[in-house]
Every structure is written in structure tokens, then in C-alpha cells.
Amino acid sequence: MKKFEKVPFADLRAQYLLIKGEMDAAIESVIMDSAFIGGKHVKDFEESFAKYTKTKHAIGVGNGTDALSVSLKCLGVAAGDEVIAPANSFIATSEAVTAIGAKVVFVDCNPKSYNIDTNKLEKAITKKTKAIIPVHLYGQPADMDKLTGFAEAYNLYVIEDAAQAHGALYKGRAVGTLGYAACFSFFPGKNLGAYGDAGAVTTNNDNLAVKIKMYANHGRVDKYNHEFEGINSRLDGLQAAILNVKLRHLDSWTMKRRQIADIYNEKLKDVVITPWVMPDVTHVYHLYVIQVHGDRQKLIKHLSEHGISTGIHYPTPPPFLKAYGYLSHKPEDFPVSFGLKDKILSLPIHGDMTDEQAHYVTDVIRDFYNAG
Ligand SMILES: *Cc1c(COP(=O)(O)O)cnc(C)c1O
């Protein structure tokens, strides 16, 4: 077996070195043009990203959390309304709901897909429910047909949280087109990542696109003409130019992630629980999450002693965070999410990882189980 000193969880420095020429030129051109706020690079990226997601509009915003809250706000979701979000996600999903004054209602996840459990969805819908935010967690699209069915029956908005799923497909359709609006994060570690905070909303709705664009830019029509009060949450020129360069590589990085996942699947399926993938979806493996048998802490230590970094996504599902203590949730409210939190483990996966590194990771894990 080939050994490695280190297998990092992600390696943004290595990625930069591979595209350094293009990237440095793009950054320099923003500075030479002084196109820091708005301008050509932002427009170019918005157009390219709309094309990539096959939507009519992509609107750059400051980050993925704002993409969600701005979408909710511009759809008129407000205090007194309820919004459904999955019990296992990053806090940003539910935070965006609270940020605009609405109440978050959590729904447990499916034990196989880890996405929102559409069998438990209808019970959570009340007269106050205005929207559902499915998260395409770890890069796998949520069960959208069923979810959209409930949304239509109860007249609810569907806003996709696609922060982890750039380029994922659901029955051949790109995430970002599956709801009324979709929210992307370009946090540096995401599949498409900026060199700082950045985000975008995609939508096919013309009115919503205009409203979001204005709201995220001080409610502005032009420089000092403000139709309403908004906020300042813009995608900046440097991040847009950086994203323009990276978007050209995204599909090849995604393909690499999927190859790494294939190696993991094949070599780990008899020692741990490997990811289950819904039929007819393309998973983009933002994270490769296994369920560990036995002592997770020991496995993490064993991997770390062999130079392999891991992560847990997420150690505490949002309903059980102190931040949501006011909701007084108990483990039995979300038994699946609660049960998974001590078993899940995320293995290294990224667009610059080699097959040899993936084989090494699987060998180290197999050793652990064979010795134990
Ligand atoms: C990263 C992430 C966000 C928020 O993105 P930021 O750009 O960091 O604000 C939202 N939802 C999910 C599921 C995420 O993983």
C-alpha cells in the first residue's frame, strides 16, 4: 500500500497552484479596472452561473446565509410565519428563517439519504407555514418530487438550500431550478468556493430576481434613488472574478469527487455504512459521510495518526444546539438526526485528491477494523 504523510480534508492551496496563472490574471484585472463593487466581473459571473444552473437569473449576494434570508424576505415571509427546515443541516438554514423574524419548524431527516424526511413533512405543516427549505445535504438532492407535491397542495414556497450541491442533478434537472428560488454559498470550502464570503440566489421568476437584486443593494434603483430600505449584501468584484475562473473547472472537480466516492464506496462498503444515493440523482459529494461501527473517536484517532483529516457534519443537529434551546426539543422529536450524530464521519474528498490517496484512506480504515 502506498503511504502518504498527509491527506488533508481539503487543499485550497494545491487547487490555487494548479490554476494560479488564470487566477492571478483575473484578480489583477479587477484591481486594474477598480471593479470592486458591481461592474463587469459580477455581471459576467451572474450570467455564467445562471447558465450553469440553467436558470433565468442568478443574483450575487454577500454569502449563502444572506441568499436564504434575502429570498425569504423578498417573498414576503415575515414575523408570524413558519418555515420548515431539516433537523440536520448547518445552522445557516434555520438562522436565515429567524433572521427575517419567522419561526423555524424542524423536520427530522431520512435515515438513508440524510435529507429532510418527506414522510414526516406533512405533519409539520400548519396554517402559518409559508415555505419549505430543503437542503441538498452533503451534495445529494433532497426528495424533491414528494416535497414539491406537498408545497403545491398547501401553497408553500420551496426555497432550495443548494449551498452544498453546485452542479447536482435531480432526475436530470439541475439543483437551483427545482424550487421557487435556490440559494448557493461560495464559502471557500464549498464545491465552488470564493476566496472569502460569497453567495447567490437563482430563480426563474423575473419579479423576484429584480426585488432580490435591489434589496441586497440598499433597495436601490440607481445610485441615490432608493425605492425601499434594503441591506448591503453584495457579491464583490474580486470574488466574482475568482468564481468566474473556478466555475470553468467545477465540472472536472466534481467528476474527481465522484471518482473518489466510487473508490470509497467499493472498498468500504463491507466495513462501514457508505452513503446511500437515491435513484436518478447525481450526488456531487461536497462531503463523503460514512456511519461508523463501534468507537468513532478511536477511528478518528487512528486516521489522524496516519495523517488523515476527518470532520463531523454536524456534531449537534440544530434543534439540539443551545441557540435553539428556546424550542425545548427532545431527542425523541428528531430521533434519526439525534441517533446519527454520534455515528457520522466525513472523509477527505475534494477535486484535487488522487485515487492513490483515496486507496490509502480506505486501507487505513480497513486496517482499523481488521485489527479491532
Ligand atoms: C455553507 C452553508 C450555508 C451558508 O453559507 P455561508 O456562505 O457560509 O453563509 C447554508 N446552508 C448550508 C447547508 C451550508 O452548508
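When reading the values below, keep in mind they use all heavy atoms of this one structure, side chains included, and skip hydrogens, waters and symmetry mates. In each ligand, atom 1 is the first atom listed, and ligand 1 is the first ligand listed. Numbers here are sequence positions counted from 1.
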Below 30° counts as parallel, above 60° as perpendicular, anything between as tilted: where do the rings of His302 and Phe368 land? tilted
Quick one: ligand 1 N/O to protein N/O pairs below 3.5 Å?
{"residue": "ligand 1", "atom": "5 (O)", "partner": "Ser185", "partner atom": "OG", "Å": "3.1"}
{"residue": "ligand 1", "atom": "7 (O)", "partner": "Gly64", "partner atom": "N", "Å": "2.7"}
{"residue": "ligand 1", "atom": "7 (O)", "partner": "Ser185", "partner atom": "OG", "Å": "2.6"}
{"residue": "ligand 1", "atom": "9 (O)", "partner": "Gly64", "partner atom": "N", "Å": "3.3"}
{"residue": "ligand 1", "atom": "9 (O)", "partner": "Thr65", "partner atom": "N", "Å": "2.9"}
{"residue": "ligand 1", "atom": "9 (O)", "partner": "Thr65", "partner atom": "OG1", "Å": "2.5"}
{"residue": "ligand 1", "atom": "11 (N)", "partner": "Asp161", "partner atom": "OD1", "Å": "3.2"}
{"residue": "ligand 1", "atom": "11 (N)", "partner": "Asp161", "partner atom": "OD2", "Å": "2.7"}
{"residue": "ligand 1", "atom": "15 (O)", "partner": "Gln164", "partner atom": "NE2", "Å": "2.8"}
{"residue": "ligand 1", "atom": "15 (O)", "partner": "Lys190", "partner atom": "NZ", "Å": "3.1"}

Run the salt-bridge test on Lys2 and Asp363 with the 4.0 Å N-O cut-off and return the result as yes or no. no
All salt bridge (charged side-chain N to carboxylate O under 4.0 Å, His left out) counterparts of Lys341, not counting sequence neighbours: none
List for me each residue that meets ring pair (Phe, Tyr, Trp, His ring centres under 6.0 Å) alongside Phe338, sequence neighbours excluded, and say none if there are none. Phe320
Listed partners of Ala85 passing side chain to side chain contact (heavy atoms under 4.5 Å, CB included), at least two apart: Thr93, Val104
Identify whether the distance between the nearest side-chain nitrogen and carboxylate oxygen of Glu47 and Lys51 falls below 4.0 Å. no
